[in-house]
Structure formats: structure tokens, C-alpha cells
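Here's the structure we're looking at; comments come further down.
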Amino acid sequence: MDMHFDLRQQALHGAMPPLPKKPRPVVVIGAGSIVHDAHLPAYRKAGFPVAALVDANQERAASVAQKFAVPLATTSITEAISKSPQDSVFDVAVPAGAVLDVLPHLPDGSAVLIQKPMGNTLEEAEQILALSRKKGLTAAVNFQLRYAPVMLAAKRICDAGLLGEIHDMEVVVSVYMPWDLWTFLATAPRLEILYHSIHYVDLVRSWFGNPERVLAKTVRNPLTAKLAATKSVITLDYGEWKRVYIATNHGHQYQDSQQSYVQWEGTEGALRAVMGVNLDYPKGKPDSLSMAGRGEAWQTLQTEGNWFPDAFIGTMGSLQAYICGETNTLPTSVEDAIDTMRTVEAAYISSERDGVPLPR
Ligand SMILES: NC(=O)c1ccc[n+]([C@@H]2O[C@H](COP(=O)([O-])OP(=O)(O)OC[C@H]3O[C@@H](n4cnc5c(N)ncnc54)[C@H](O)[C@@H]3O)[C@@H](O)[C@H]2O)c1
């Protein structure tokens, strides 16, 4: 093993999400597929106790609660609150349009993690922000990709200076997404950017902050003619010295050419993180991280865990560490998440409006 490889592997030590020393109980509202596939497996792995599971559908709540040994399953948020410890943290994982129905039921001053997107529109996001402030909630949005093990590792490597100055970041996703898993998306006017590229937009913001401008085009696929746009190209403008873009095609049915990765290029080296979950959603394939120094061959680095479910430990862990006073930042707070929603809104506006007709 060469010296460079050792240096990179060393830089990975400590690539951990923030975790509370003494986890508080979680009351989960919404017991749908993402809670079953990622939230509850992550909490089990991290040792976060789950006090209650609430869902509009009692049977669904009961069957998921039984599988994960959650002591209470109910359709009533009030009942879940009254029967759970007072210091419980809330985890709202209902469709975006239902978030504003749920939040008013939570006790003022409580801590809550809200599934992405933060509402279906920027207007709803602003209402969620205003309501969180009014109720004194410590509220964060579940933009968990930042906490995927390969993403934490990539950040550590970059912070250790091993990439030099980063001048390029690309997100390429060409996969087959089974959109029919989400019945509420069948009639959604906004699909790909709002429900999927939003993760990449948030990831890019976690690296470079807000872009100066957004240029985008999002289009529909004749093979899923009933759905809104499922393919997008989004350019995030960080000025003259950085190329940053997201290109997604969620209807690519050709196995051998499927791709799902984030790649960074710096003056000293390049990194590529593969997001396996998209390659066989929701079962997924493993994530991986590779690095090449300038002029060197690519080497795979040792990382442990995957976006699903490990990244979900990070968003809940960071909220709990913050309310316990163990960290002083809440990276995916609603105050930050609103800017991811503003970036998404800019992408939709650009898609409708931008572009230069050919000169005559
Ligand atoms: N990586 C991610 O972060 C990720 C991945 C998938 C889905 N999601 C998000 O998670 C949310 C839920 O997605 P899902 O895949 O679990 O959907 P789903 O349709 O499988 O589940 C939604 C559940 O919410 C329940 N519900 C709806 N309104 C409710 C209310 N007012 N009170 C209580 N329960 C209510 C429904 O009965 C259903 O069981 C969506 O906003 C989606 O965007 C995030």
C-alpha cells in the first residue's frame, strides 16, 4: 500500500455523523415505505429508541410497529404524545403536502425532523418555516445525503487538502426509478427535481453554499407519459472557476449503462462516490468511494455503510446532538433547508423560462 493511499485512508478516520451521548426517544409520524426501509433500520443500528409510530392507516402503523418492536402504534398524534416520554423528538415522514397538517399537533418548543421535500412548493416551505418559528420548534429537514458514509468521507478527504482546489463537481444519475412506489406522485405537477435532484442540490449547497444562479431544464419521458418530468439537467452557477451540474434520467432501463455517482475534481486529485441505492431502488447496491491523485490510477477507499439506511442516522443524530447541546450547529435546519427549496424553485423557473433562441 503506498503512502498516498495511507494518507487518504487516515483522513477517513473520524468521518462520523454527529451523535447524541444519550439518545432521546423518537415519535415517528408516518409509517410508509421510507420509514420501513430507512428510518427504523437506521435508528435500530444507532440505538435511538422509538416510542411510538403514528400513521393515518392503523393497519400499516401496527404492522411496521410489530416488525421493529415499537411499543405503540396509533392513528392519533395526541395519543402518541400523551403516552410517550416528554423529551421525545418527532420524526415526521408523511407526504410533503401533509406536513402542514401534522406540525400544528406537536407541542410548542419540541424538536422535529421533517422528511424532504420541505413542502411541495417554496410557498409551502415558507409556511413551514414560519410555523416552526411561531411554535418555537427546533426543526430540521431530512436532507440526509450529506451524512451518507461516502459523502462524509469525501468531505474529510477534501478538508485534509488532498484534492487541492475543487473546480468541478458533477452528479450523474441514469437509473430506473420505480415511481409507481409512491401513489401520491402519480398526479404531482413537480417530480424529478422536487423529489429527487433536491438531494443533490442540497449536497452541492453543503459543499459550496448557495449558487449565484441556476440554469435548468426538466423534461418528461414518453414511457411514463402520465407522470410529470423525470429527467433533468441543472447547472449551478458558482462563477467562472467552477463547473457544477446535476444530470438525471430516472427512466433509464438499460442495466449495463446505469450510473449513479457524484464526482469532484480538484487541482490535486479527483474523488468519485457511487450512490448504490439508485442502482436498484430501494434495495440498492453498495456505495463506494474512489480517489485518484493527479495523473494516478483510481483506487477504491475503504468506507463502511450506505446512504440507505446509514445517512438517516446522521440527520436524526445531528438534531439530537444539537438539542442536547453537544454541537452548536444544526446543518439541515429549516433555516438552511429553505435555501435548498429556493434553489429548487429557481430550477423550475429556469426550466420554464430560460434558454436563448437561435439568432436569426
Ligand atoms: N431519501 C429520502 O429522504 C426519501 C426517500 C423516499 C421518500 N422520502 C419522502 O418521505 C415521505 C414519505 O414517503 P414514503 O415513501 O414513505 O411514502 P408512502 O406513501 O409509502 O407513505 C406515506 C405514509 O404516510 C401516511 N400519512 C399520510 N398523511 C398522514 C397524516 N396526515 N398523518 C399520519 N400519517 C399520514 C400514509 O398513510 C402512508 O403510510 C415523502 O415526502 C417522500 O418525499 C424521502
Side-chain angles (χ1 to χ4, degrees), residues 28-42 53-61 63-64 67-68 75 91-103 113-122 124-125 128 141-145 148 173-202 218-232 246 248-253 258 260 275-285 306-309 311-312 315 337 340-341 344-345 347-348:
V28 181
I29 302 171
S33 48
I34 195 60
V35 164
H36 176 272
D37 295 343
H39 293 233
L40 295 174
L53 200 49
V54 184
D55 196 285
N57 177 335
Q58 173 67 36
E59 270 174 38
R60 175 77 188 170
S63 73
V64 179
K67 183 162 175 192
F68 288 90
T75 56
D91 184 17
V92 177
V94 296
V99 171
L100 281 164
D101 300 332
V102 169
L103 292 185
L113 183 61
I114 302 165
Q115 249 305 353
K116 49 60 61 173
M118 185 180 169
N120 277 315
T121 57
L122 182 56
E124 278 181 23
I128 291 170
V141 178
N142 207 332
F143 285 129
Q144 76 290 134
L145 181 57
V173 175
S174 268
V175 296
Y176 178 69
M177 187 57 53
W179 292 107
D180 48 353
L181 282 182
W182 301 279
T183 46
F184 63 90
L185 291 184
T187 54
R190 290 177 168 186
L191 206 54
E192 200 290 313
I193 304 178
L194 180 65
Y195 277 91
H196 209 97
S197 275
I198 193 167
H199 284 296
Y200 313 127
V201 166
D202 188 70
T218 186
V219 298
R220 300 171 70 186
N221 182 334
L223 290 172
T224 48
K226 292 201 173 122
L227 296 179
T230 56
K231 305 193 280 182
S232 316
I246 298 163
T248 62
N249 172 359
H250 280 105
H252 188 71
Q253 300 198 16
Q258 294 197 341
S260 169
M275 302 172 289
V277 71
N278 292 326
L279 296 169
D280 184 11
Y281 194 92
K283 195 166 136 249
K285 294 189 173 165
N306 297 304
W307 176 356
F308 280 34
F312 291 72
T315 27
T340 292
M341 294 301 289
V344 163
E345 192 70 27
Y348 279 110

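Numbering starts at 1 and runs along the sequence shown. Below, all heavy atoms of this structure are taken into account, side chains as well, without hydrogens, waters or symmetry copies.
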Report summary line: One should read off an interatomic distance between S63 OG and H36 NE2, to the nearest 0.5 angstrom, of 7.5 Å
Report task. Kindly give the heavy-atom pair with the smallest separation between N221 and G251, and that separation in Å. Result -> ND2-CA, 3.8 Å
Report summary line: The reported gap from CD in Q144 to CH2 in W307 (rounded to nearest 0.5 angstrom) is 6.5 Å
Requested in this report: Measure the spacing between CG of L145 and OG1 of T315 and express it to the nearest 0.5 Å.
Outcome: 10.5 Å
Under 3.5 Å, which donor-acceptor pairs link side chains of residues 191-202 to any protein atom two or more places apart or in another chain?
| unit_1 | atom_1 | unit_2 | atom_2 | d |
| --- | --- | --- | --- | --- |
| E192 | OE1 | S197 | OG | 3.0 |
| E192 | OE1 | S232 | OG | 2.5 |
| E192 | OE1 | T248 | OG1 | 3.1 |
| E192 | OE2 | S197 | N | 3.4 |
| E192 | OE2 | S197 | OG | 3.1 |
| E192 | OE2 | T248 | OG1 | 3.1 |
| E192 | OE2 | H250 | ND1 | 3.2 |
| Y195 | OH | N120 | OD1 | 2.9 |
| H196 | NE2 | Y200 | OH | 3.1 |
| H196 | NE2 | N278 | OD1 | 3.4 |
| Y200 | OH | N278 | ND2 | 2.9 |
| D202 | OD1 | R146 | NH2 | 3.2 |
| D202 | OD1 | T340 | OG1 | 2.7 |
| D202 | OD2 | R146 | NE | 2.7 |

Report task. For the pair M341 and V141, evaluate side-chain contact (heavy atoms from CB on, under 4.5 Å) and give the outcome as yes or no after the intermediate values. Result -> CA-CA 11 Å; M341 294 301 289; V141 178; over 6 Å; no
Requested in this report: Locate the shortest heavy-atom distance separating L181 from P282; write the atom from each residue and the value.
Outcome: CD1-CD, 4.2 Å
Requested in this report: Can you measure from CD (Q253) to CD (Q258) and round to the nearest 0.5 angstrom?
Outcome: 8.5 Å
Query raised in the report: When you look at W182 and Y281, which way does the ring pair (Phe, Tyr, Trp, His ring centres under 6.0 Å) test go after all the steps?
Result: CA-CA 12 Å; W182 301 279; Y281 194 92; 5.5 Å; yes
Query raised in the report: Can you name the nearest heavy-atom pair linking A61 to A31, along with the distance?
Result: CA-CB, 4.2 Å
Report task. For the pair H39 and F312, name the ring-plane relationship: parallel under 30°, tilted 30 to 60°, perpendicular over 60°. Result -> tilted
Report task. Quick one: pull up CD1 in I29 and CG in L53 and give me the separation to the nearest 0.5 Å. Result -> 10.0 Å
Report task. Step through the shown structure and confirm whether more than 12 heavy atoms of other residues, nucleotides or ligands are within 6.0 Å of CD on Q58. Result -> yes
Report task. Write down the atom of G97, the atom of D101, and the distance for their closest heavy-atom approach. Result -> O-OD2, 4.1 Å
Report summary line: With sequence neighbours left out, the residues meeting side-chain hydrogen bond (donor to acceptor under 3.5 Å, both in side chains) with R190 are E345
Query raised in the report: Does the S174 side chain pair with the main chain of N249, one donor and one acceptor, at a distance under 3.5 Å?
Result: no
Query raised in the report: If you measure from OG1 on T187 to NZ on K226, what distance do you get to the nearest 0.5 Å?
Result: 12.5 Å
**Report entry** Considering all heavy atoms, the nearest P309-A38 contact
**Finding:** CB-O, 3.5 Å
Query - Stepwise side-chain contact (heavy atoms from CB on, under 4.5 Å) check, R60 with V64 - result: CA-CA 6 Å; R60 175 77 188 170; V64 179; 3.7 Å; yes
Query - Note, V277 side chain near N306 side chain (heavy atom, < 4.5 Å) - result: no
Query raised in the report: Is it true that a side-chain atom of T218 and a backbone atom of K231 form a donor plus acceptor pair closer than 3.5 Å?
Result: yes
Requested in this report: Measure the shortest side-chain to side-chain distance between M177 and T230 over non-hydrogen atoms and say whether it is less than 4.5 angstrom.
Outcome: no
**Report entry** I114: which of V99, N142, D91 passes side chain to side chain contact (heavy atoms under 4.5 Å, CB included)
**Finding:** V99
Query raised in the report: Which atoms form the tightest heavy-atom contact between V173 and V175, and what is the distance?
Result: CG1-CG2, 3.7 Å
